[in-house]
Amino acid sequence: MAPTVPLAVLALVALVAPGLAVAPGCDYPAHRWCSSQDIAAACQVQSRCPRLPSPAAAPVELSLYYESLCPACREFLVLELFPTWLLLPDEMLSITLVPYGNAQERNVSGKLDFECQHGPEECLGNMMEACLMHEAKNFSTYFAVIFCLESGSSVTKNLEACLQVYAPEVDSGRIAACVQGDTGVALMHHNAQVTEALDPPHQYVPWITVNGKHTDELQAQAEASLLGLVCHLYQGEKPEVCGGSKVPKVPSGCRR
């Protein structure tokens with residue numbers, strides 16, 4: 001008895017007939033020709049694949065340059081950035097957090113020291129959050145803790161409580177050692193360099209870049225409706241939460 005050929009393969013063979021002409025670079029069996037964009041292109045059958053998977057789109061990249069005790073920074077992180085991140089799938093939005101802002105780096109007797117806009121407690125908060133990122137490593141872990149710190153009554157005194165709720169696996173002792181040692185200083189030096197390298201230079205905080213760019217219009221749109229902005233910029237298939245999201249029309253040069 002002749003072997004049975006699956007109906008799906010027969011249907012695909014019928015699609016590429018007549019002559020079963022297969023591109024020279026196609027080294028894949030017929031049942032895989034419509035399994036991806038790359039394979040369909042190699043076999044030159046894109047037009048014959050009605051449900052060809054769409055290529056993955058790049059995430060929208062957002063960087064937030066902020067200070068741990070800056071009221072406007074805390075408001076944006078708590079009310080816009082964190083909720084937007086929760087609502088969207090991971091592949092849509094990539095976030096980088098840089099706690100430093102308007103701080104000043106100084107060399108005092110051969111050692112680096114930092115002076116912060118809202119005083120020594122803000123410098124401590126900045127370094128705590130930088131050390132938390134360094135120790136936790138996983139973004140979803142440390143972002144939840146930072147949200148807890150920034151939305152609470154004290155950024156610098158609630159670390160233990162926030163870790164217990166959102167990241168009990170993270171050792172607070174390691175964060176404390178980072179803050180008190182050379183690692184914390186090195187992390188803040190890095191944040192200082194990254195912040196000072198901004199083009200155009202930052203003029204205030206929170207300072208937001210989207211896909212590596214900063215404009216007054218992007219800043220205003222992000223602050224007014226970050227969800228709407230990300231949904232508008234993302235080039236891939238959008239989730240249902242984007243259905244009613246609109247990018248606010250803000251004249252260039254305006255900001256909140």
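These numbers were taken from a predicted model, which means no experiment stands behind them.
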**Student:** Would you confirm whether R74, through its side chain, and F147, through its main-chain N or O, come within 3.5 Å as a donor-acceptor pair?
**Tutor:** no
**Student:** Step by step, work out the side-chain contact (heavy atoms from CB on, under 4.5 Å) result for V98 and L64.
**Tutor:** CA-CA 6 Å; V98 185; L64 174 64; over 6 Å; no
**Student:** Just verifying a value: how many Å separate L187 CG and C131 SG, rounded to the nearest 0.5 Å?
**Tutor:** 5.5 Å
**Student:** I'd like to know if the side chain of Y66 pairs up with that of E129 as donor and acceptor (distance under 3.5 Å, no hydrogens or angles considered).
**Tutor:** yes
**Student:** Do V210 and V230 come close enough that some side-chain heavy atom pair is under 4.5 Å?
**Tutor:** no
**Student:** What's the spacing between E196 CD and N191 CG if we round to 0.5 Å?
**Tutor:** 11.5 Å
**Student:** Looking at K137, I'd like to know if its NZ atom is crowded, meaning that more than 12 non-hydrogen atoms belonging to other residues, nucleotides or ligands lie closer than 6.0 Å.
**Tutor:** yes
**Student:** Taking all atoms of both residues into account, what is the closest heavy-atom pair of Q235 and L233, and its distance?
**Tutor:** NE2-O, 2.9 Å
**Student:** Test side-chain contact (heavy atoms from CB on, under 4.5 Å) on C116 and N126; report intermediate values, then the result.
**Tutor:** CA-CA 9 Å; C116 296; N126 291 346; 3.9 Å; yes
**Student:** Are the side chain of S68 and the backbone N or O of E122 linked by a donor-acceptor pair below 3.5 Å?
**Tutor:** yes
**Student:** Of all heavy-atom pairs between M92 and C242, which one has the smallest distance, and what is that distance?
**Tutor:** CE-SG, 4.0 Å
**Student:** Can we call the ring centroids of F82 and F143 under 6.0 Å apart?
**Tutor:** yes
**Student:** Evaluate the side-chain proximity of E61 to T209: yes if any heavy-atom separation is below 4.5 Å, no if none is.
**Tutor:** no
**Student:** Over all heavy atoms of both residues, which pair between G101 and V205 is shortest? Give the atoms and the distance, please.
**Tutor:** CA-CG1, 3.7 Å
**Student:** With side-chain contact (heavy atoms from CB on, under 4.5 Å) as the test, would you mind laying out the steps for S154 and E121 before giving the verdict?
**Tutor:** CA-CA 10 Å; S154 172; E121 187 177 5; 4.1 Å; yes
**Student:** Is the closest side-chain heavy-atom distance between Y234 and L93 below 4.5 Å?
**Tutor:** no
**Student:** Can you check whether C123 reaches H118 side chain to side chain, under 4.5 Å on heavy atoms?
**Tutor:** no
**Student:** Measure the CG-CD distance between L198 and Q193 for me, rounded to the nearest 0.5 Å.
**Tutor:** 12.5 Å
**Student:** Could you tell me the separation between the CG atom of L229 and the OG1 atom of T84, rounded to the nearest 0.5 Å?
**Tutor:** 9.5 Å
**Student:** Begin with the C-alpha distance, continue with both residues' side-chain angles, and end with the deciding distance and a verdict on side-chain contact (heavy atoms from CB on, under 4.5 Å) for L81 and L97.
**Tutor:** CA-CA 11 Å; L81 188 57; L97 301 175; 3.9 Å; yes
**Student:** Is there side-chain contact between P206 and E223, with heavy atoms separated by less than 4.5 Å?
**Tutor:** yes
**Student:** For a quick test of reading the model, state the closest non-hydrogen atom pair linking L132 to V145 and the distance between them.
**Tutor:** CD2-CG1, 3.5 Å
**Student:** Is the count of non-hydrogen atoms from other residues, nucleotides or ligands lying under 6.0 Å from D182 atom CG greater than 12?
**Tutor:** no
**Student:** Do the side chains of F114 and Q104 get nearer than 4.5 Å, heavy atoms only?
**Tutor:** no
**Student:** Identify the heavy atoms of A222 and F76 that sit nearest to each other, and give their distance.
**Tutor:** O-CE1, 3.4 Å
**Student:** Is the shortest heavy-atom distance from the side chain of Y100 to the side chain of E105 under 4.5 Å?
**Tutor:** yes
**Student:** Say you draw a straight line from CG of L124 to CE of M128; how long is it, rounded to the nearest 0.5 Å?
**Tutor:** 5.5 Å
**Student:** Looking at T141, is its backbone amide N or carbonyl O close enough to the side chain of N138 to form a donor-acceptor pair, meaning the two atoms are under 3.5 Å apart?
**Tutor:** yes
**Student:** Are any non-hydrogen side-chain atoms of L112 and R106 less than 4.5 angstrom apart?
**Tutor:** no
**Student:** Between E80 and A224, what is the shortest heavy-atom contact and its length?
**Tutor:** OE2-O, 3.7 Å
**Student:** Does Q117 reach the main-chain N or O of N102 with its side chain, forming a donor-acceptor pair under 3.5 Å?
**Tutor:** no
**Student:** Classify the ring geometry between W207 and H214 as parallel (under 30°), tilted (30 to 60°) or perpendicular (over 60°).
**Tutor:** parallel
**Student:** How many angstroms lie between CD in Q44 and CZ in R48, if you round to the nearest 0.5 Å?
**Tutor:** 11.0 Å
